[in-house]
Amino acid sequence: MNADGSVKTFVLDTNVLLHSSASIGCFADNDVVIPMAVIEELDKFKKNSDELGRNARRVIRYLDSLREEFPCCAGDPEKGLPLNRISPETSGRLFILGAGSTDDDSINEVDRVFDNDLLLDSPDNRILRVACFLRKSGRKVVFISKDINLRLKADALGLKVMDFEREKVKNADRYTGFCEKSVPAALVDKAYSDKELPGDIAPELLCNEFIRLTSDCDERKSVLLRRRNSGLLTMVPHRVEKVWNLSPRNKEQRMALDILLDPEIKLVTLVGGAGTGKTLLALAAALQQTLSEDLYERILVSRPIIPLGNDIGFLPGSKESKLASWMQPIFDNLEFLLGGEEERKPKSSSRFSTESLMNSRKLDLEALTYIRGRSIPRQFIIIDEAQNLTPHEVKTIISRCGNDSKMVLTGDPAQIDNPYLDASGNGLSYAADRLKGEAIYAHVTLRKSERSALAALAAKKL
């Protein structure tokens with residue numbers, strides 16, 4: 001609602017509903033309009049077996065249930081459908097409208113602006129015509145779309161435009177899981193001697209958030225601590241023992257291993273650029289706790305099937321052979337870990353190999369398509385490239401965790417291949433923002449590339 005108390009009218013593009021089926025109920029006491037062209041586009045997606053298809057079917061069911069309860073109201077510009085039937089927090093109305101007759105002056109105005117470029121054969125143009133029609137009729141229209149080009153066209157027509165930001169994280173508020181503070185040197189010494197400090201030293205710190213206390217006399221003198229659920233700040237060991245042939249190379253990797261190896265933490269998110277070690281650290285912790293410590297029965301690894309560049313098309317063979325190409329980054333990391341330090345040892349010298357782990361069912365590779373509906377107990381679950389998942393998909397995946405399971409989501413929000421997501425609206429960033437401070441959740445942002453000097457240079461300069 002506007003400051004003067006007047007109701008806004010939000011016109012939704014198709015991609016908003018495909019991104020989140022709950023978006024209809026996210027506009028408080030304002031009105032929501034779904035153009036007829038959007039219904040036509042939803043019909044094209046409803047047969048898909050992916051998340052887009054599920055959202056399309058869910059939206060269609062919402063609309064059909066409202067139509068049955070309130071017949072002949074959806075297309076009435078005065079009545080509409082009550083949105084509180086979808087969401088109790090929403091008190092506005094829902095309309096399903098066409099653009100009106102083609103000889104209407106408000107419609108022809110659109111053609112005049114663009115010299116007949118916005119033709120009716122484009123669904124996007126028909127959606128814009130509805131927004132212009134409503135604005136001409138005196139409504140305070142806001143056009144909502146995740147399509148940048150369509151927002152540009154709407155803005156050129158003089159419409160107020162917005163992205164759908166309900167599930168977005170502001171860049172300035174993005175949670176890193178780490179902060180720094182300058183303190184007296186005596187406090188740093190006390191942390192080293194007692195291995196812990198009282199939480200009132202940094203009361204703003206969230207549960208499982210890390211802090212580096214640096215001496216105000218000597219910047220080289222510092223200590224790294226993590227806030228526990230009890231409120232105490234416990235020291236993260238400066239020298240961490242090797243975890244399955246892997247030693248941390250910087251403070252962020254120390255923090256990551258600290259939470260990955262803590263059985264009390266059930267969900268970990270690791271964010272970082274190429275070569276920062278996200279997947280490698282997760283796999284090392286998984287091997288350590290599954291094969292050496294027997295905390296989990298097996299390791300389950302999955303990642304979204306979204307190609308970089310042109311897709312190679314249909315792949316013949318079994319599920320395992322189809323997944324092999326997509327899981328090659330996982331195999332590369334496993335070969336490094338199983339082959340010995342710095343890969344100096346021949347692979348045959350290890351009593352484990354990737355093939356033997358898979359044959360013994362200690363390691364499972366699974367497509368995310370098959371995770372829905374499952375309950376997964378006593379497993380160490382790694383979801384790689386999680387930045388390509390929507391917030392709803394991440395919720396679905398996390399809710400698969402059964403008793404005594406641990407899940408790790410890794411990814412880089414700067415490298416997103418899903419056309420409907422961006423750095424602040426993907427499921428990985430959303431989960432980190434919404435779950436921060438929970439006792440069984442922890443997050444670390446890895447910053448330094450350790451893959452190679454060339455990889456670090458590319459990440460920094462290119």
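A donor-acceptor pair is defined here as one N or O able to donate and one able to accept, closer than 3.5 Å; no such pair exists between the side chain of Ser302 and the backbone of Ile383. Distance alone, capped at 3.5 Å, places no donor-acceptor pair between the Ser429 side chain and the Gly425 backbone. The main-chain N or O of Ser20 is found under 3.5 Å from a side-chain atom of Ser23 such that the two form a donor-acceptor pair. Counting only distance, with no hydrogens or angles, the side chain of Lys181 and the backbone of Ile201 share a donor-acceptor pair below 3.5 Å. In this structure, Glu252 contributes its side chain and Thr445 its backbone to no donor-acceptor pair below 3.5 Å. At distances below 3.5 Å, at least one donor-acceptor pair connects side-chain atoms of Ser65 with backbone N or O atoms of Arg61. A donor-acceptor pair under 3.5 Å is formed between the side chain of Ser405 and the backbone N or O of Arg378. In terms of modelled atom types and a separation under 3.5 Å, the side chain of Arg227 and the main chain of Asn208 share no donor-acceptor contact. Checked by atom type and distance alone, the side chain of Tyr192 pairs as donor or acceptor with a backbone atom of Ser222 at under 3.5 Å. In this structure, Glu393 contributes its side chain and Leu389 its backbone to no donor-acceptor pair below 3.5 Å.
Side-chain contact between Leu17 and Ile24: present, with at least one pair of heavy atoms (C-beta onward) separated by less than 4.5 Å. By the 4.5 Å heavy-atom criterion applied to side chains, Thr90 and Asn84 are not counted as neighbours. Side chains of Val32 and Arg93 form no contact here, defined as non-hydrogen atoms less than 4.5 Å apart. Side-chain contact between Leu267 and Val408 is absent, with no heavy-atom pair separated by less than 4.5 Å. In this structure, the side chains of Leu12 and Val33 stay at 4.5 Å or more apart for every pair of heavy atoms. Using a 4.5 Å cut-off on side-chain heavy atoms (C-beta onward), Ser145 and Val161 make no contact. Thr410 is not listed as a side-chain neighbour of Thr269, based on a closest heavy-atom distance of 4.5 Å or more. At least one side-chain heavy atom of Thr14 sits less than 4.5 Å from a side-chain heavy atom of Ile127.
Ionic pairing of Glu40 and Arg126 is present here: one or more N-O contacts between side-chain nitrogen and carboxylate oxygen are shorter than 4.0 angstrom. Using a 4.0 Å cut-off between a side-chain N of Lys or Arg and a carboxylate O of Asp or Glu, Lys8 and Asp29 do not qualify as a salt bridge. The pair Glu366-Arg374 meets the salt-bridge criterion, with a side-chain N (NZ, NE, NH1 or NH2) lying under 4.0 Å from an Asp/Glu carboxylate O. Salt bridge present: Arg54 and Glu51 bring a charged side-chain N and a carboxylate O closer than 4.0 Å. Remark: Glu385 engages Arg303 in a salt bridge, criterion side-chain N to carboxylate O under 4.0 Å. Using a cutoff of 4.0 Å between basic side-chain nitrogens and carboxylate oxygens, Asp262 and Arg226 are scored as salt-bridged.
Note that the CG atom of Asp404 and the CD1 atom of Ile376 stand 14.0 Å from one another [nearest 0.5 Å]. Put simply, CG on Leu435 and CG on Leu206 are 12.0 Å apart, with the number rounded to the nearest 0.5 Å. With rounding to the nearest 0.5 Å, the separation of CG in Leu291 from CZ in Phe380 is 11.5 Å.
For the pair Thr276 and Gln253, the tightest heavy-atom approach, listed with the atom from each and the gap, is O-NE2, 3.1 Å. Residues Ile382 and Ala286 come closest through the heavy atom pair CD1-CB, 4.1 Å. The two residues Glu450 and Asn250 make their nearest non-hydrogen contact at OE2-ND2, 2.9 Å. The two residues Gly273 and Asp412 make their nearest non-hydrogen contact at CA-OD2, 3.5 Å. Annotation for Ile259 and Val444: closest pair CD1-CG2, 3.6 Å, computed over non-hydrogen atoms. Summarising the geometry of Val271 relative to Lys278, their closest heavy-atom pair is C-CD, 3.9 Å, with the distance given to 0.1 Å.
Using the six-membered ring where Trp is involved, Phe27 and Phe164 have ring planes that are tilted, between 30° and 60° apart.
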So Val11 and Ile34, side chain to side chain contact (heavy atoms under 4.5 Å, CB included) or not? Walk me through it. CA-CA 6 Å; Val11 179; Ile34 299 178; over 6 Å; no
Just do the side chain to side chain contact (heavy atoms under 4.5 Å, CB included) check on Phe210 and Val236 with the steps written out, would you? CA-CA 9 Å; Phe210 292 89; Val236 178; 3.6 Å; yes
Lys190 and Leu197: CA distance, side-chain angles, deciding distance, side chain to side chain contact (heavy atoms under 4.5 Å, CB included) verdict: CA-CA 8 Å; Lys190 180 175 174 59; Leu197 291 174; 3.9 Å; yes
Check against side chain to side chain contact (heavy atoms under 4.5 Å, CB included), Glu293 and Gln288: CA-CA 6 Å; Glu293 301 174 10; Gln288 177 73 21; 3.3 Å; yes
If you apply the rule side-chain hydrogen bond (donor to acceptor under 3.5 Å, both in side chains), what do you find for Arg434 with Tyr430, and how did you get there? CA-CA 6 Å; Arg434 294 299 296 269; Tyr430 181 72; 2.7 Å; yes
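For Asp147 and Asn149, the side-chain atoms include no donor-acceptor pair closer than 3.5 Å.
Other residues, nucleotides and ligands place no more than 12 heavy atoms under 6.0 Å from the CD1 atom of Ile440.
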